Protein chains: 4
Amino acid sequence: MVAVMCSHTRPKSARTGRTGRPRSVEADAAILEATRAALVELGWSKLTMGDVATRAGVAKTTLYRRWTNKNELVVDAVAVLFDELELPDRGSLVADVEGVVLQFAALLARPEARTALMAVVAESTCDDALRVRIRSAIVDRQKRLVVQGRERAQARGELPYEEDPGAAARNTDLIFDVVAGAVVHRALVSAEPVDDEWARRFTLLLVSGIGSLQN
Amino acid sequence: MVAVMCSHTRPKSARTGRTGRPRSVEADAAILEATRAALVELGWSKLTMGDVATRAGVAKTTLYRRWTNKNELVVDAVAVLFDELELPDRGSLVADVEGVVLQFAALLARPEARTALMAVVAESTCDDALRVRIRSAIVDRQKRLVVQGRERAQARGELPYEEDPGAAARNTDLIFDVVAGAVVHRALVSAEPVDDEWARRFTLLLVSGIGSLQN
Amino acid sequence: MVAVMCSHTRPKSARTGRTGRPRSVEADAAILEATRAALVELGWSKLTMGDVATRAGVAKTTLYRRWTNKNELVVDAVAVLFDELELPDRGSLVADVEGVVLQFAALLARPEARTALMAVVAESTCDDALRVRIRSAIVDRQKRLVVQGRERAQARGELPYEEDPGAAARNTDLIFDVVAGAVVHRALVSAEPVDDEWARRFTLLLVSGIGSLQN
Amino acid sequence: MVAVMCSHTRPKSARTGRTGRPRSVEADAAILEATRAALVELGWSKLTMGDVATRAGVAKTTLYRRWTNKNELVVDAVAVLFDELELPDRGSLVADVEGVVLQFAALLARPEARTALMAVVAESTCDDALRVRIRSAIVDRQKRLVVQGRERAQARGELPYEEDPGAAARNTDLIFDVVAGAVVHRALVSAEPVDDEWARRFTLLLVSGIGSLQN
DNA sequence: AATTAAGCGAGACGGTACGTCTGGTCTTTAA
DNA sequence: TTAAAGACCAGACGTACCGTCTCGCTTAATT
């Protein structure tokens, strides 16, 4: 999962020519790491490009040579965090859903993840390019979890096989929005803990509801 | 609904003493209106205090005398928008839910609402005072919709009466997070339309799931 | 000398009408005193009207009702200091000059006097109204010292009587500029002490030079 | 005379390291020129750093990188004006003194010179660092005129050679304070013209007085 | 005693300038 | 050609004062 191709995250890093001093690979890593560290300490609005450069031991120019602005940098710095999410087979649909809900909650408990996610989403409300980047770097990549969960449940006989691929896609989207939305809202907006008890009750609601979609 | 007491939104405007020139009430209104207008045009990150002041025909000092920073100002400017949401009786739980989902989606289609909501949530991930302010000014106030919806459904016989008030509260919170979270995620993160069809399928999932919570 | 009429120092305080509450005399005194105190502590450029008002225990309005700006206020606050200068008869022209030089130096050693004098002079370089006010409130009033000194010297036979009143006036002005200029320059620009030794040598130069003017 | 080393006027411009973009030399010149222009138009108290920056076609940051405040900037902008003073040999001590008095008066007739000189002196009455800067940048540099004048007079036989170097220095200081002080006081405080007639009479007084110092 | 006209304190008002900070660019020397 | 360093322009930040303007309250002199 972590091995998913990441070339989209450094679009300007691709070598265009072959002459001259090559770009430092350490710089890339140091910048992304520094970005995450700065996010934890300062939050989005107080994070500055100059500060990130200083933390990374890098000149501001080096930073701007790779990312055109703060948003793009933060998306890339954070996208990789979401690739950590996995769906280990726990033997039943309910157990799988509970597992991924708690994993997601754990991720959102990390300051750099919560801050960065909401910050880039906020900026994307008035920046179409950013919205596209978020979709491709974060949202679409994680729908794999829903698809995988359904496939396992179908293999176990907990869910019927979909005949209509369009309906399947729509259900994938719906379930993804419900799960991700509810967890994010609980954790960040309502600011209440996503604990075992909440995960259990949410999963009960969700799995019961999913059953009714098949008809 | 709109008549809910709003004193919390101008906490520093209340007369503290009785001497000196009183604060201008027009200034308050003009500033909040200007803030919403600026949000629509510029978005969160390009909104500046100076610009808001200019639009409102007010000195920057007047603005800072009332709100200490951009976050607080925007929360107050936007909170009132959410008071517009209503729950007209459409005859059934399903119809009521669909109605409120579409209303909420319509609200999030307005640039100032979507931008401001996400921006303040993003900032609140590293600002406790702001998180508290958002909860009291926006989140807690809108849970009334869930409570009202359940009461109607119970009156119609669609849902049983809760005996345990603690369980009722937990369910209120859960349902609120699922509805608000799913709609926000669909509209702002996935960036897909919340149309009649989606609302119908989401409501189906939700109402079916709610039924299973009662046991 | 101190008893010279001072009405020019409070031009706006004169009663214009006869009805209504009369202006507070204590306020006037408190403001001028506070101005001098503020000058000592803060210097000219950091002295603010608001601060003077606070020190005087008076509202800003009360201050502006009497003086239209900082310059006028400071001139009035300081002019009175220069009225302290006297010319006690020490028995000879040389002794009289040395005495007044040291008196003037002592006055310029007081922070409020030196700061205020130079500040208002500086402002007057681009403010004609202020220049006029300084001339009438300070400069012209102190020329009495030169006139008095010459009269005494003439009475003693140290200087001949002038026949041409125009020449006498020109000499008064010249001597005044030389004495005041040299002391101020030594004390404030060169920033060297005006001590007995300097006063003695300066007086020697001056009195010798005065002798040659008579021809 | 104009070629006197001026490094003291741009103390922060010296290269400290060797990497990084060097400071713009044009910016320095443009700023000082803009400062003088602004002084002429606006006077001291209405001169603003932002306005100087605009006139110089320079960002405010660039200005603050070189001078920490208005006083330092103005001292440097003005010091160079005083280097224009010269002492051309007119054949006699009296003619030399009259010449330099009229030159100095002409300088003080220029608004930027008179305003700036008095303003920085005024500020220096409560700012020791500024006083030191004025002494080194303006006062001490112009004493060369007195020294040069005496040397010429001695060469012509108009004045005896001093044996005691300490006495010579004290006389230099005294004469400098008398000349500069009298001219400044006449021009700026008394606000009367320093014309040929006044210069002639002042010089008569001064040169006669100087003779008596030798004994 | 009641009226009245001004003065009084407090403090908000629209402004201007401050000195600082950040963003994003450009220019230097060194590798 | 890239790197690090750091100066560059532009412009927002939040603060401090400016001089003006309500307020509600004295405080005399005039009715």
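We name chains A, B, ... by the order of the sequence lines, and we start the count at 1 in each one. The structure presented is a predicted model; accordingly, all values stated were derived computationally and were not measured.
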Given [options], identify the nucleotide with an atom nearest to the side chain of [X].
X: C/Tyr64; options: F/dC8, F/dG19, E/dG19; value: F/dG19
X: A/Lys60; options: E/dT28, F/dA7, E/dG9; value: F/dA7
X: C/Arg21; options: F/dT27, F/dC8, F/dT15; value: F/dT27
X: A/Thr48; options: F/dA3, E/dA10, E/dG23; value: E/dG23

Between C/Arg66 and C/Asp28, does any NZ, NE, NH1 or NH2 come within less than 4.0 Å of an OD or OE carboxylate oxygen? yes

With a 4.0 Å limit, can you tell me whether [X] has a side-chain N or O closer than that to the phosphate oxygens OP1/OP2 of [N]?
X: B/Ser24; N: E/dA12; answer: no
X: D/Arg65; N: F/dC8; answer: yes
X: D/Arg23; N: E/dC26; answer: no

Both C/Ala59 and D/Lys70 contact DNA chain E. Taking the nearest nucleotide for each, which residue is further toward the 5' end? C/Ala59

Describe the nucleic acid contact of D/Thr61 in one word from base, sugar-phosphate, nothing, applying a heavy-atom distance below 4.0 Å.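 Here D/Thr61 touches the bases of the nucleic acid.
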
Using a heavy-atom cut-off of under 4.0 Å over every strand shown, decide if A/Leu63 touches base, sugar-phosphate, or nothing.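 Since no nucleic acid heavy atom lies under 4.0 Å of A/Leu63, the category is nothing.
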
Expressed in angstrom and rounded to an integer, what is the separation of [X] atom [atom1] from [N] atom [atom2]?
X: B/Asp28; N: E/dC13; atom1: CG; atom2: P; value: 8 Å
X: A/Arg55; N: F/dA4; atom1: CZ; atom2: P; value: 17 Å
X: A/Arg66; N: E/dG24; atom1: CZ; atom2: P; value: 17 Å
X: A/Asn71; N: E/dG23; atom1: CG; atom2: P; value: 12 Å
X: C/Ile31; N: E/dG9; atom1: CD1; atom2: C1'; value: 13 Å
X: C/Glu72; N: F/dG19; atom1: CD; atom2: P; value: 12 Å
X: A/Leu73; N: E/dG23; atom1: CG; atom2: C1'; value: 14 Å
X: B/Asn69; N: F/dG14; atom1: CG; atom2: C1'; value: 11 Å

Closest-nucleotide mapping onto DNA chain F: is B/Gly50 or C/Asp51 further toward the 5' terminus? I mean the 5' end.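 The 5'-side residue here is B/Gly50.
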
If you find the nucleotide of DNA chain F closest to C/Lys46 and the one closest to B/Met49, which residue's nucleotide is nearer the 5' end? B/Met49

Separation between OG1 of A/Thr115 and CG of A/Leu39, rounded to the nearest 0.5 Å: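 With rounding to 0.5 Å, OG1 (A/Thr115) is 6.5 Å from CG (A/Leu39).
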
Where B/Arg36 and B/Glu112 come nearest, the two heavy atoms and their spacing: O-CB, 3.7 Å

Answer yes or no: is there a donor N or O on one side and an acceptor on the other, between the side chain of A/Asn69 and the main chain of A/Glu72, under 3.5 Å?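 Answer holds: yes.
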
Side chain to side chain contact (heavy atoms under 4.5 Å, CB included) partner of D/Trp67, the single match among D/Val75, D/Thr35, D/Val52, D/Leu32: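 Exactly one pass, corresponding to D/Leu32.
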
